[in-house]
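So that the names make sense, note that chain A is the first sequence line, chain B the second, and so on, each numbered from 1. Everything quoted here is computed from the prediction, not taken from an experiment.
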Amino acid sequence: MDKSYTSTSETDIYQSWENSGAFTPQIDKTKTPFSIILPLPNANDPMHMGHAVFTVQDIMIRYHRMLGDPTLWLPGGDHAGIETQFVFEKKLQKDGKSRFDFDRQTLFDLIWDFVEKNRTLNQFQMKKLGFSMDWTRYHYSLEPAIVKNVLATFKKLYNDGLIYREEKIVNYCTFCGTAFSNLEVVHKNVDSHLWYIKYGPLSVATTRPETMLGDTAVAVNSKDKRYQHLIGKTITLPLVNKEIPVIGEDSIDMEFGTGAVKVTPSHSPEDYDMAKKHNLEFIRIFDYDGKSNQNVPKNYRGLFPAQVRQMVIEDLTSAGLLEKTEAYSHEVGHCYRCGRPIEPITAPQWYVKIAPLAKAAIDAAKNGDVKFFPSRFKKTYLDWMSNIRDWNISRQIVWGPRIPAWYCLDCNPNIKLNFLDKNKNPISAFYRDIKDKYPFEEIKNGLQSMVAPVDSEFFIDEVSECSKCHSHSLLQETDTFDTWFLSGQWPLSTLGFNTADPSKSSEDFHYFYPTSVMDTMWDILFFWVARMIMFGLYLTKEVPFKLVHLHARCVDAKGQKMSKSKGNVVDPLSMTEKYGTDALRMALVYGIAPASDFVISEDKIRAQRNFVNKIWNASRFVLMIIERFQEQNPKLEISTTINSSKLNTDDKSILESLNKIIKSTDTDINRHHFGQASENLYQFFWHDFCDVYIEKAKDRGEEVVPVLLTVLINSLKLLHPFIPFVTESVYQIIRQKANLDEPQLITASWPKEIKF
RNA sequence: GAAUCUGUAGCUCAGUUGGUUAGAGCGCAUCAUUGACAUUGAUGAGGUCAGAGGUUCAAGUCCUCUCAGAUUCACCA
């Protein structure tokens with residue numbers, strides 16, 4: 001054996017595991033399987049430290065595999081809708097282009113190629129980390145079969161009356177050009193102003209003066225004595241010179257501002273609700289490109305909100321209508337992707353009626369069908385679940401499956417179309433105005449996006465002819481699915497559940513579903529975990545996993561979340577090259593509490609590299625001792641059979657410690673205290689075994705061999721889930737020496753109490 | 001505004017259902033080591049477990065409050 005451990009053979013060891021079929025479980029109906037679906041990484045993203053924390057999954061997987069359970073760890077890759085398109089658009093920007101230069105099919109194809117180039121990268125990286133995944137069951141989220149199933153789910157939801165299309169106020173990012181769900185909006189505190197504007201007989205206080213051009217009412221508290229006489233009357237909206245009503249609304253805080261609030265139903269969520277209640281007019285003054293439109297007086301048109309604000313303030317000031325300006329800081333929604341302020345806009349979108357789905361998901365958590373670890377996350381989950389609102393599943397991007405709805409242009413002439421004509425000139429117009437100018441095929445081929453009025457009729461199945469007017473001018477909805485709509489069905493899709501006909505679901509599905517554990521980080525508990533639970537219950541009546549395990553988050557030395565934009569990411573692969581994969585894996589679990597933040601430092605990895613080397617050297621020494629005894633006594637039998645009559649107190653002591661560590665490792669792994677388990681193993685091996693037992697064994701004769709070997713082999717087994725490479729390579733060497741039956745450590749039997 | 005978490009050695013953190021002198025890694029000090037390993041060994045210094053009160057035979061651990069920090073959720077003008 002070499003003088004120190006080198007990690008150069010890791011790739012070979014991984015290959016031999018994979019070739020031996022160890023990663024691929026056999027379906028055995030007499031046994032209970034253990035299965036984990038990997039939280040699918042973005043297919044085109046390289047791995048970061050956060051992914052390396054999936055080591056805890058490998059620990060569980062390897063442990064159960066050694067216990068003899070049919071064990072499945074199913075890997076996958078996500079097309080990651082908005083994320084990927086955003087990255088791609090940045091790339092386009094560098095080349096001086098934008099998404100508007102392409103029709104949607106071309107853009108989609110470009111992104112597809114872009115992703116394909118990197119798609120296998122993180123598969124390679126996961127192998128580097130030693131993850132014992134079943135690559136024969138790998139899935140990619142845009143595989144035809146998976147997409148087909150997702151569309152079938154949409155159809156089922158639709159048929160069950162759980163899908164609807166409505167024009168509500170949405171979180172719209174005019175830069176990214178898409179709406180977002182509430183979860184994707186980041187609230188930031190912004191220092192701004194409160195402007196007091198004179199509206200006829202009263203004044204209103206507002207943080208967004210520019211939206212006044214779209215005001216359709218003023219609201220006051222109906223109990224407010226100052227304004228009671230005005231309720232039901234109208235006042236004149238300045239700058240626009242239009243009569244708008246004063247309404248009484250109990251939710252208005254009389255203490256705040258002037259106690260009177262301007263109401264802009266199309267650009268404020270609260271005002272939207274008020275307008276629905278009081279039947280107010282909706283005037284959308286900002287378009288989806290972020291600029292003011294035809295609904296504002298001429299001089300304010302075609303401008304961004306900030307510009308309109310400037311003008312409105314100036315004009316109000318010169319008209320003597322701006323009473324005062326106060327400094328004011330408040331929360332403003334920002335796009336989680338590009339960081340720009342979200343513009344609340346009314347837009348027709350597709351929604352999932354969430355209440356019935358949420359109810360089942362709440363019940364499942366309450367009755368323990370799905371458990372949480374650490375358990376406090378159950379409360380977080382239930383709190384969120386019980387306040388959940390209908391889910392906006394439509395995104396105005398191209399990178400993802402399109403919503404399967406088809407509109408007849410001739411029945412819905414008010415559909416707004418954005419497309420490139422045959423000369424690549426951008427056209428933006430209502431169908432009614434251009435139907436005679438452009439052939440349908442030209443529109444269809446150059447299509448970028450469309451906005452169908454909320455009352456448009458659609459077909460949920462693709463048809464080539466409109467059943468009403470027999471037109472062949474049918475276009476599929478250009479909105480794509482929220483990426484979580486697809487990944488929310490991931491456990492079902494990957495295991496072969498068939499939504500359209502559940503009886504045709506695969507054997508894998510029947511055997512491995514519900515899976516055992518879903519291990520992820522708490523930051524996607526709502527985005528992903530909650531959605532998977534809802535979909536799982538909705539489609540199969542069963543939870544997709546019995547346990548939600550939230551692992552720790554890796555932060556930088558300053559305690560900050562690692563992110564590419566902050567430039568503080570530590571690349572796990574460079575660490576594996578420098579110190580070996582095992583050292584990194586051990587550093588990622590050693591002494592770490594579940595679901596907490598932890599700092600990964602090079603010091604810590606180095607310390608674990610030393611431990612890995614200690615294992616190597618201790619094993620080398622044990623073999624040297626044995627060889628020495630063999631030279632003295634060629635007939636010496638190398639065996640692990642313990643003869644209790646020959647044991648001295650040291651032997652008994654180390655065997656007792658071994659039994660203790662076997663027991664505690666079992667307990668700790670089963671209750672997910674991987675940090676504790678690894679710490680105990682570290683202490684046991686280095687201190688109890690090396691520093692104490694081996695030191696004393698130096699002075700003893702060949703009778704130490706069985707105990708030495710027994711402790712060593714069992715230690716290797718116990719450590720294998722944590723540090724698979726060094727343990728396997730040592731095992732292979734010892735196996736030859738000691739004629740061990742089990743060909744590989746990865747599939748060797750998990751240690752049981754030693755009788756002596 | 002609501003909820004959750006954290007505060008333990010110089011640094012980064014463990015500490016299970018409350019149970020003897022509170023632990024690890026790194027760092028530090030002293031010594032050792034020519035045959036497993038300097039990627040080593042031994043010994044040691046260093047902590048009124050954020051603060052106050054309470055429950056208990058017993059509290060780092062449970063309860064209440066205070067202080068400090070972090071995070072998540074939330075449509076307030």
Using the C1' atoms only, state how far B:G27 lies from B:A9, rounded to an integer number of Å. 11 Å

Could you pull out all residues at least two apart from A:Glu323 that satisfy side-chain hydrogen bond (donor to acceptor under 3.5 Å, both in side chains)? A:Ser203

Using atom P in both nucleotides, what's the gap between B:A24 and B:G35 to the nearest angstrom? 30 Å

Those stems involving RNA chain B that have three or more consecutive Watson-Crick or G-U pairs, both distances under 3.5 Å, are B:1-7 with B:67-73, B:10-13 with B:23-26, B:28-32 with B:40-44, B:50-54 with B:62-66

Could you identify which residues of residues 194-209 of chain A place a heavy atom less than 4.0 Å from some atom of RNA chain B, listed by residue number, or say none? A:Ala205, A:Thr206, A:Thr207

When you compare B:C73 with B:C28, how far apart are their P atoms, in angstrom units rounded to a whole number? 42 Å

In whole Å, measure the gap between the P atoms of B:G51 and B:A32 for me. 41 Å

Quick test: give all pairs of protein nitrogen or oxygen and nucleotides 16-22 of chain B nitrogen or oxygen below 3.5 Å, distance rounded to 0.1 Å.
residue : atom : partner  : partner atom : Å
B:U16   : O2   : A:Arg671 : NH1          : 2.3
B:U16   : O2   : A:Arg671 : NH2          : 2.1

Neighbour count above 12 (heavy atom, 6.0 Å) for A:Lys696 NZ: no

Classify the nucleic acid contact of A:Ala607 as base, sugar-phosphate or nothing, counting any heavy atom under 4.0 Å across all strands shown. sugar-phosphate

Could you list, one pair per line, each protein nitrogen or oxygen that sits under 3.5 Å from a nitrogen or oxygen of nucleotides 40-44 of chain B, together with the distance?
residue : atom : partner  : partner atom : Å
B:U40   : OP1  : A:Asn610 : ND2          : 3.4
B:U40   : O3'  : A:Lys614 : NZ           : 3.4
B:G41   : OP1  : A:Trp686 : NE1          : 2.1

Taking the side chain of A:Asn182 as its heavy atoms from C-beta onward, which of B:C37, B:A74, B:A24 lies nearest to it? B:A74

Between A:Glu281 and A:Lys242, does at least one N-O distance fall below 4.0 Å, as a salt bridge requires? yes

Between A:Arg609 and A:Arg620, just flag the one whose closest nucleotide in RNA chain B comes earlier from the 5' side. A:Arg620

In whole Å, measure the gap between the P atoms of B:G23 and B:C49 for me. 14 Å

Among B:C73, B:C37, B:A24, which nucleotide sits nearest the side chain of A:Lys3? B:C37

Over 60° means perpendicular and under 30° means parallel, so classify the ring planes of A:His549 and A:Phe674, tilted if in between. perpendicular

In whole Å, measure the gap between the P atoms of B:C62 and B:A14 for me. 15 Å

What integer number of Å spans the C1' atoms of B:G18 and B:C57? 12 Å

Can you tell me which residue among A:Asn221, A:Thr258, A:Val218 is in a side-chain contact (heavy atoms from CB on, under 4.5 Å) with A:Tyr227? A:Thr258

More than 12 heavy atoms of other residues, nucleotides or ligands under 6.0 Å from CD of A:Gln736: is that the case? no

Taking B:U21 as the reference, what is the distance to B:C26 when you measure between their C1' atoms (whole Å, please)? 25 Å

Does the gap between the ring centers of A:Tyr172 and A:Phe180 come in under 6.0 Å? no

Does B:A24 have its OP1 or OP2 closer than 4.0 Å to a side-chain nitrogen or oxygen of A:Ser678? no

Which is true for A:Lys698 with a 4.0 Å heavy-atom rule: it touches a base, it touches only sugar-phosphate, or it touches nothing? base

I need the residues from residues 246-254 of chain A with at least one non-hydrogen atom less than 4.0 Å from RNA chain B; give them sorted by number, or say none. A:Ile252, A:Asp253

Do A:His330 and A:Tyr328 have ring centroids that are under 6.0 Å from one another? yes

Does a distance-only test, which skips hydrogens and angles, find a donor-acceptor pair under 3.5 Å between the side chain of A:Gln683 and the base of B:A24? no

Can you confirm whether or not the ring centre of A:Tyr381 sits under 6.0 Å from the ring centre of A:Phe377? no

